[in-house]
Amino acid sequence: MRRKRRVKIVATLGPASSDSATIERLFMAGADVFRINMSHTSHDRLRELVGIIRALDVKTGRPIGILADLQGPKLRLGTFAGGPQELKIGDEFTLDADPAPGDRTRVYLPHPEILSAVEPGHRLLVDDGKVLLRCTAKDGERAIHTRVEVAGRVSDRKGVSLPDTTIPIGAMTEKDRADLDAALDIGVDWIALSFVQRPEDLAEARKVTRNRAGIMAKIEKPQAIDRLAEIVELSDAIMVARGDLGVELPIERVPGLQKQMTRACRRAGKPVVVATQMLESMIASPVPTRAEVSDVSIAVFEGADAIMLSAESAAGKYPVEAVAMMDAIAREVEKDPTYRGIIAAQRSEPEATGADAIAAAARQIAETLNLSAIVCFTMSGSTGLRIARERPFPPLVAISPDPDMARRLSLVWGLHSVISEDARDFDDMVSRATGLAFREGFSKPGQRIIISGGVPFGTPGSTNMLRIAFVGADHYADM
């Protein structure tokens with residue numbers, strides 16, 4: 001099955017989309033990667049979902065990616081003795097270490113790391129920013145005294161966000177560590193890491209994964225924006241988590257940050273996923289708003305590797321329709337006469353490495369000669385990533401002998417992943433590449449393709465050659 005678009009679609013699974021029939025319908029509608037939210041998924045259910053997707057992988061003959069999204073630390077208030085409390089502008093309100101139920105003047109904050117890290121002047125956002133508190137004073141590490149700047153209701157266990165405070169905790173909780181171990185044992189392809197504040201937050205996950213899965217850093221904290229370049233360098237992919245970013249930062253900054261992150265990832269050759277509320281109205285409506293269509297199209301025009309559905313496919317009334325709509329929007333954008341010019345204008349100069357030089361040359365030759373496809377052999381995935389970084393206009397086929405890597409590359413812009421044995425020699429390389437380009441529908445007899453590979457064969461990271469080859473008619477009579 002060949003997609004008629006370059007950008008990939010990530011669909012979140014949930015109550016509306018957890019059975020095998022619906023998952024297959026989501027895939028047929030256009031989903032390339034399935035996201036499993038570990039905040040709501042047990043290990044047994046994770047194993048069941050992965051089994052369904054892997055069976056679909058076999059049935060369709062297509063590598064399908066699986067993304068396990070770790071919950072991350074959840075910072076929440078304690079409880080209130082008299083139920084929800086209304087806070088007014090100017091009220092004094094204290095968050096402290098006393099576990100007794102709270103009232104209109106105070107509440108328990110069961111996070112000593114927050115009590116120690118917050119300083120006077122820092123903001124505390126409660127319930128996704130519906131209530132804004134400003135720290136006015138501290139009582140050592142026992143209490144934070146605040147003044148209410150945005151009024152509203154506070155109630156039991158509401159979340160707390162701290163846009164001005166770097167919290168001295170890692171990105172993974174004990175639950176996350178258990179979920180990570182389970183996800184790796186079951187065999188997911190990507191791990192999304194929540195609550196990333198600094199590059200060091202990736203270290204623990206990297207140590208555990210040992211390249212068994214790609215690590216995707218979710219950018220949802222202002223502190224991560226400040227060190228974005230380092231985080232991009234140390235991660236395998238980035239998710240632009242616009243929902244949480246829009247809580248902790250002025251919401252009008254989010255579109256610009258989305259563009260900055262997309263372009264930073266394109267320069268680095270790292271996949272970037274744009275997420276949150278892309279077709280939000282389709283949770284309850286069979287059609288999106290015009291603004292949502294425009295939002296999706298902007299991410300596609302910008303050259304994002306993937307666009308993601310969350311509640312739309314996980315809990316909405318129209319999960320399959322949401323995927324189909326996103327697919328239709330993406331295909332229409334990529335046919336637009338301005339699309340190629342915008343994508344080309346954002347292309348970065350190749351880095352001074354052999355792999356980047358080969359990738360840039362493959363793209364330029366393929367476009368100059370109007371070749372029908374670029375076919376690359378890749379074991380570690382790096383060759384496919386480098387050529388995808390070029391955003392070539394001819395179709396891009398990535399051949400990998402490693403099923404895990406082929407599924408991981410299903411997230412990457414333009415890459416049509418194929419699982420096949422590595423080439424034994426030059427003749428076998430040409431035969432495999434031309435044969436696959438023909439069978440997968442990218443080339444017709446008489447057309448030419450360009451092949452990228454490495455010598456010696458079977459050596460990861462050895463990309464050092466290009467070959468232009470004809471797709472012959474006689475060769476396929478017996479296929």
Side-chain angles (χ1 to χ4, degrees), residues 3-12 16 26 29-33 35 128-129 218-220 225 228 237-267 271-347 388 391 393 411-414:
R3 302 291 192 205
K4 300 298 184 182
R5 54 174 159 76
R6 307 304 181 87
V7 69
K8 303 300 179 68
I9 294 175
V10 181
T12 302
L26 291 172
D32 302 289
V33 177
R35 171 179 173 256
D128 289 336
K218 293 170 66 176
I219 306 301
E220 52 194 351
I225 297 294
L228 180 63
I238 291 294
M239 181 188 292
V240 186
R242 305 183 304 175
D244 288 303
L245 269 181
V247 170
E248 300 212 7
L249 287 167
I251 199 166
E252 63 272 17
R253 288 192 59 195
V254 175
L257 291 172
Q258 175 180 317
K259 285 186 178 292
Q260 291 175 35
M261 285 185 269
T262 301
R263 295 185 182 190
C265 289
R266 284 193 57 184
R267 287 192 299 271
V272 57
V273 181
V274 177
T276 318
Q277 297 179 330
M278 300 210 81
L279 296 176
E280 183 83 354
S281 66
M282 289 194 74
I283 294 172
S285 169
V287 294
T289 67
R290 306 301 183 268
E292 288 167 342
V293 172
S294 181
D295 179 42
V296 172
S297 70
I298 287 170
V300 179
F301 272 122
E302 193 67 25
D305 289 81
I307 44 184
M308 192 177 101
L309 295 167
S310 297
E312 302 96 327
S313 60
K317 294 181 179 179
Y318 306 97
V320 177
E321 292 83 352
V323 172
M325 177 57 67
M326 187 167 268
D327 175 76
I329 296 167
R331 285 189 285 109
E332 192 63 32
V333 168
E334 292 181 6
K335 290 189 297 185
D336 189 276
T338 63
Y339 175 72
R340 286 194 173 194
I342 293 171
I343 291 294
Q346 298 170 13
R347 194 174 282 146
R391 298 296 191 261
F393 299 134
L411 183 76
V412 180
W413 185 96

Counting only pairs under 3.5 Å, give me each side-chain donor-acceptor contact of residues 240-250, with atom names and distances, residues two or more places apart or in other chains.
from: Arg242; atom 1: NE; to: Ala275; atom 2: O; distance (Å): 2.9
from: Arg242; atom 1: NE; to: Thr276; atom 2: O; distance (Å): 3.4
from: Arg242; atom 1: NH1; to: Gln258; atom 2: OE1; distance (Å): 3.0
from: Arg242; atom 1: NH1; to: Asp295; atom 2: OD1; distance (Å): 2.9
from: Arg242; atom 1: NH1; to: Asp295; atom 2: OD2; distance (Å): 3.3
from: Arg242; atom 1: NH2; to: Thr276; atom 2: O; distance (Å): 2.7
from: Arg242; atom 1: NH2; to: Asp295; atom 2: OD2; distance (Å): 2.8
from: Glu248; atom 1: OE1; to: Lys221; atom 2: NZ; distance (Å): 3.2
from: Glu248; atom 1: OE2; to: Lys221; atom 2: NZ; distance (Å): 3.1

(request) Can you see which heavy atom on Asp327 is nearest to which on Ala29, and at what distance? (result) CB-O, 3.6 Å
(message) Would you say that Val7 contacts Val333 through its side chain, given a criterion of any heavy-atom pair below 4.5 Å between the two side chains?
(response) no
(message) Is the shortest side-chain heavy-atom distance between Ile343 and Arg266 below 4.5 Å?
(response) yes
(request) Starting at CD of Glu280, measure out to CD of Glu312 and round the result to the nearest 0.5 Å. (result) 5.5 Å
(request) Decide, yes or no, whether a salt bridge links Lys335 with Glu332 under the criterion of side-chain N to carboxylate O below 4.0 Å. (result) yes
(request) Applying side chain to side chain contact (heavy atoms under 4.5 Å, CB included) between Met278 and each of Met308, Met326, Glu292, Met325, report the one that passes. (result) Met326
(message) Check this for me, if you would: do Glu302 and Arg263 make a salt bridge, where the nitrogen-to-carboxylate-oxygen distance has to be below 4.0 angstrom?
(response) yes
(message) Within this structure, what is the CD1-CD1 distance for the pair Ile298 and Ile342, rounded to the nearest 0.5 Å?
(response) 10.5 Å
(request) Measure the spacing between CG of Leu26 and CD of Glu321 and express it to the nearest 0.5 Å. (result) 9.5 Å
(message) Any side-chain to backbone donor/acceptor pair from Arg3 onto Arg5? Under 3.5 Å, distance only.
(response) no
(request) Cation-pi check, Arg347 to Phe393: give yes when NZ or CZ is under 6.0 Å from the six-membered ring centre and within 45° of the ring axis, no otherwise. (result) yes
(request) Give, for atom CD1 of Ile219 and atom CE of Met239, the distance between the pair rounded to the nearest 0.5 Å. (result) 10.5 Å
(request) Calculate, to the nearest 0.5 Å, the distance between atoms OG and CZ belonging to Ser294 and Phe301 respectively. (result) 9.0 Å
(message) How close do Gly414 and Lys8 get, counting heavy atoms only, and between which atoms?
(response) N-CE, 4.2 Å
(message) Can a donor-acceptor pair be found, under 3.5 Å and without considering hydrogens, that links the side chain of Asp305 to the backbone of Val412?
(response) no
(request) Check Ile251 against Pro255 and note the closest heavy-atom contact, atom names and distance. (result) O-CD, 3.7 Å
(request) Identify the heavy atoms of Ala306 and Val10 that sit nearest to each other, and give their distance. (result) CB-CG2, 4.0 Å
(message) Are the side chains of Val323 and Leu309 in contact, using a 4.5 Å heavy-atom criterion?
(response) yes
(request) State the CD1-OG distance between Ile9 and Ser313, to the nearest 0.5 angstrom. (result) 10.5 Å
(message) Quick check: closest heavy atoms across Ala31 and Ala11, and the distance to 0.1 Å?
(response) CB-CB, 3.9 Å
(message) Show the nearest heavy-atom pair for residues Arg391 and Ala304, with the distance to one decimal.
(response) NH2-C, 4.4 Å
